[in-house]
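Accompanying notes for the structure given below.
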2 protein chains.
Amino acid sequence: MTLTDLRYLVALARERHFGHAAERCNVSQPTLSVAIKKLEDELAVTLFERSAADVKITDIGARIVAQAEKVLLEAGQIKELATAGRDPLSGPLKLGVIYTIGPYLLPHLIPRVHGAAPSMPLLIQENYTARLAESLKRGDLDVIVVALPFEEPGIVTQAVYDEPFRVLMPAGHAWEEDAAIPAARLAEAPLLLLGAGNCFRDQVLEVCPLCRGGEGLQRTLEGSSLETIRHMVATGAGITVLPSSAADPLPEGNPLLTVRPFEAPEPFRRIALAWRVTYPRSGAIDVIRAAILGSPLQGVRPVTR
Amino acid sequence: MTLTDLRYLVALARERHFGHAAERCNVSQPTLSVAIKKLEDELAVTLFERSAADVKITDIGARIVAQAEKVLLEAGQIKELATAGRDPLSGPLKLGVIYTIGPYLLPHLIPRVHGAAPSMPLLIQENYTARLAESLKRGDLDVIVVALPFEEPGIVTQAVYDEPFRVLMPAGHAWEEDAAIPAARLAEAPLLLLGAGNCFRDQVLEVCPLCRGGEGLQRTLEGSSLETIRHMVATGAGITVLPSSAADPLPEGNPLLTVRPFEAPEPFRRIALAWRVTYPRSGAIDVIRAAILGSPLQGVRPVTR
DNA sequence: GATTGGCAATAGAGATTAACTATACAACGT
DNA sequence: ACGTTGTATAGTTAATCTCTATTGCCAATC
């Protein structure tokens with residue numbers, strides 16, 4: 001029993017004439033004849049009464065035809081689903097973002113994606129890189145926004161932008177005098193750091209080798225966020241390092257904080273998109289990339305690939 | 001897209017492993033592999049993300065698999081319907097009976113059929129032979145009970161029983177003296193006849209050639225029935241001829257009527273079943289025949305074929 | 001960094017099935 | 001009896017499905 005057989009069946013039920021039904025199916029009369037006979041044999045049921053005068057459907061035949069029509073209808077739905085799903089910009093996209101990007105990127109990203117792909121709702125999750133990677137590989141996420149380096153088997157990454165680091169200090173801090181801060185000087189101040197697991201923490205520590213072994217004055221704030229740290233800096237609890245997108249928009253509205261760039265070579269992080277090599281909706285990824293690049297993130301430099 | 005393809009599809013969706021899914025479908029891994037690829041090409045949609053680690057279903061893939069399961073379920077229903085409909089004794093049987101048999105046969109027939117084939121309800125229609133034949137050929141009826149001769153293209157008949165005719169007269173009638181009535185004498189009495197269209201009317205006229213041209217005292221009662229005529233005979237309006245099944249049960253309970261057989265050669269009618277040559281439920285016909293022969297119809301002689 | 005092992009894709013051969021054309025067969029109607 | 005109409009069958013060709021064998025691809029391991 002094939003779908004073709006069922007199509008022949010309902011055609012014959014409608015036409016009540018083997019020749020006409022065959023014509024309607026674009027096959028020869030013997031083809032349809034054989035197919036119906038095969039079906040009847042397979043089901044061990046007489047579906048039609050053939051006579052010279054005409055073709056009559058049996059009682060059981062009528063019931064089976066009705067069911068066959070249902071099958072064909074449902075099968076047709078498959079094609080419709082496929083057509084509807086063919087557009088990579090239709091259907092939800094599961095997006096993961098690390099904690100130190102989400103709050104600054106998403107407010108810009110979401111409306112832009114919605115504008116470019118209205119029928120692609122975003123299901124967003126913020127988490128650590130490691131967790132995002134896990135979810136991505138498991139298929140719980142489709143695309144993630146992370147900082148490089150990010151190497152995972154089966155995962156491809158595409159750099160999107162570079163983002164310089166900034167030093168954030170309370171207004172009136174001594175370093176306010178300087179237009180730019182040397183990285184090494186970080187070890188001299190009480191540096192507030194994110195908890196373990198945040199890649200940004202590691203990157204900051206990388207900037208300041210002296211802070212590495214915990215020999216500096218830095219203080220780790222487990223379970224915290226850049227926003228929390230920012231508030232703590234404003235209260236004079238110390239200084240911190242922020243990515244430019246988090247730091248640069250601040251000073252205007254906040255008289256308690258001062259932002260200074262690093263001295264060259266300016267430390268920065270490279271933000272990238274990552275997805276499974278096998279992920280088929282590349283069009284959706286392009287939209288995300290474009291939306292990110294279209295977002296007014298302060299201080300960032302697009303990476304032309 | 002075939003039902004087999006869909007089976008492969010749902011198997012792969014369940015197993016998430018080409019080899020295992022193929023095994024479950026009793027085919028080789030390449031078979032399933034190409035089938036899925038073919039499906040993906042046909043639908044122009046990626047259903048699965050293949051990677052070394054494992055097979056992930058895409059979003060659209062999952063929706064299509066769900067739909068495929070629905071299709072397979074509905075298709076399975078076809079087999080179930082066929083199995084259920086395989087029994088010729090299941091499902092309603094559309095039975096037609098001529099007016100002059102129905103009232104005497106059906107009260108016996110119905111319980112017997114119900115006993116022999118409980119899941120075969122009878123849809124009964126009483127009518128003239130010509131109307132029954134029409135309905136039978138059109139497929140509105142499956143089997144009819146008629147009097148022979150009955151010749152129709154595409155219709156087969158099977159004699160069931162012979163039924164002698166009887167003369168019915170009011171009690172106290174002059175002919176009461178005689179044990180049997182010669183057919184020719186019918187022309188001498190006011191003979192009450194059914195209306196045109198009733199085959200029994202023609203058969204009675206056949207018995208009495210003198211009545212033929214309307215030269216006798218007979219009176220035609222259009223739109224009447226044997227029961228009506230019987231009541232008229234009881235009131236002394238005339239005599240009539242009845243089939244034995246209608247006549248013989250009468251006298252016991254009715255002091256106003258007298259029944260006499262004909263003289264030899266006793267006129268009779270041959271009752272038969274008729275159905276389309278193509279009608280597939282021969283088992284149902286056998287049940288009807290057996291139920292008729294099992295009915296206590298007075299005076300009838302089974303026809304051994 | 002080379003190697004191995006697991007797994008899906010591909011190639012090529014063989015078998016099955018589906019389609020065609022031509023023709024036989026059955027049943028009515030003239 | 002013959003012709004017409006309509007379905008079934010025969011035989012052939014083409015398409016397809018499925019197989020085994022093999023390749024290719026990753027990723028994990030030594």
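The figures that follow rest on heavy atoms only: side chains count, while hydrogens, waters and symmetry mates do not. Just so it is clear: chains get the letters A, B, ... in the order the sequence lines come, proteins before strands, and each one is counted from 1. On a predicted model such as this, the values are computed, not experimentally measured, just so you know.
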| query | B/K38 has a side chain; which of C/dA8, D/dC19, D/dC17 sits nearest to it? | reply | D/dC17
| task | Step by step, work out the side chain to side chain contact (heavy atoms under 4.5 Å, CB included) result for B/Y279 and B/I285. | result | CA-CA 10 Å; B/Y279 188 64; B/I285 295 170; 3.8 Å; yes
| Whichever of B/E152 and A/T2 has its nearest DNA chain C nucleotide further upstream toward 5' | A/T2
| said: Counting only side-chain nitrogens and oxygens, does A/T31 get under 4.0 Å of the OP1 or OP2 atom of C/dA18? | reply: no
| task | Can you figure out which of C/dA8, C/dC20, D/dT7 approaches the side chain of A/S33 most closely? | result | D/dT7
| note | Sorted by position of nearest nucleotide on DNA chain C, 5' first, the leading residue of A/N26 and B/I155 is A/N26
| request: Kindly compute the distance separating OG1 (B/T278) from CZ (B/R276), expressed to the nearest 0.5 Å. | output: 5.5 Å
| task | For A/R16 and D/dG6, give me the distance from atom CZ to atom C1', rounded to whole Å. | result | 17 Å
| request: Hey, could you give me the CZ/OG1 distance between A/R269 and A/T100, rounded to the nearest 0.5 Å? | output: 4.0 Å
| To the nearest 0.5 Å, how far apart are SG in A/C199 and CD in A/E206? | 11.5 Å
| request: Tell me which nucleotide among C/dA18, D/dA21, C/dA8 gets nearest to the side chain of B/P30. | output: D/dA21
| In whole angstroms, how far is the P atom of D/dG6 from the CD atom of A/E23? | 12 Å
| From the list D/dC19, C/dA8, D/dT7, which nucleotide is the closest neighbour of the side chain of B/S28? | D/dC19
| Distance, nearest 0.5 Å, that separates NZ of A/K70 from CD1 of B/I78 | 10.0 Å
| said: For a quick check of understanding: with a heavy-atom distance under 4.0 Å over all strands, which category does B/F48 fall into, base, sugar-phosphate or nothing? | reply: nothing
| task | Grab the NZ-C1' distance between A/K56 and D/dG6 for me, whole Å please. | result | 14 Å
| query | Do any side-chain nitrogens or oxygens of B/Y8 fall under 4.0 Å of OP1 or OP2 in D/dC17? | reply | no
| field | Under-4.0 Å side-chain N/O to phosphate OP1/OP2 contact, A/R50 with D/dG6 | value | no
| request: Return no unless some side-chain N or O of A/H17 is found under 4.0 Å from OP1 or OP2 of D/dT7. | output: yes
| Given C/dT21, D/dT18, D/dT9, the nucleotide with the shortest approach to the side chain of A/K37 | D/dT9
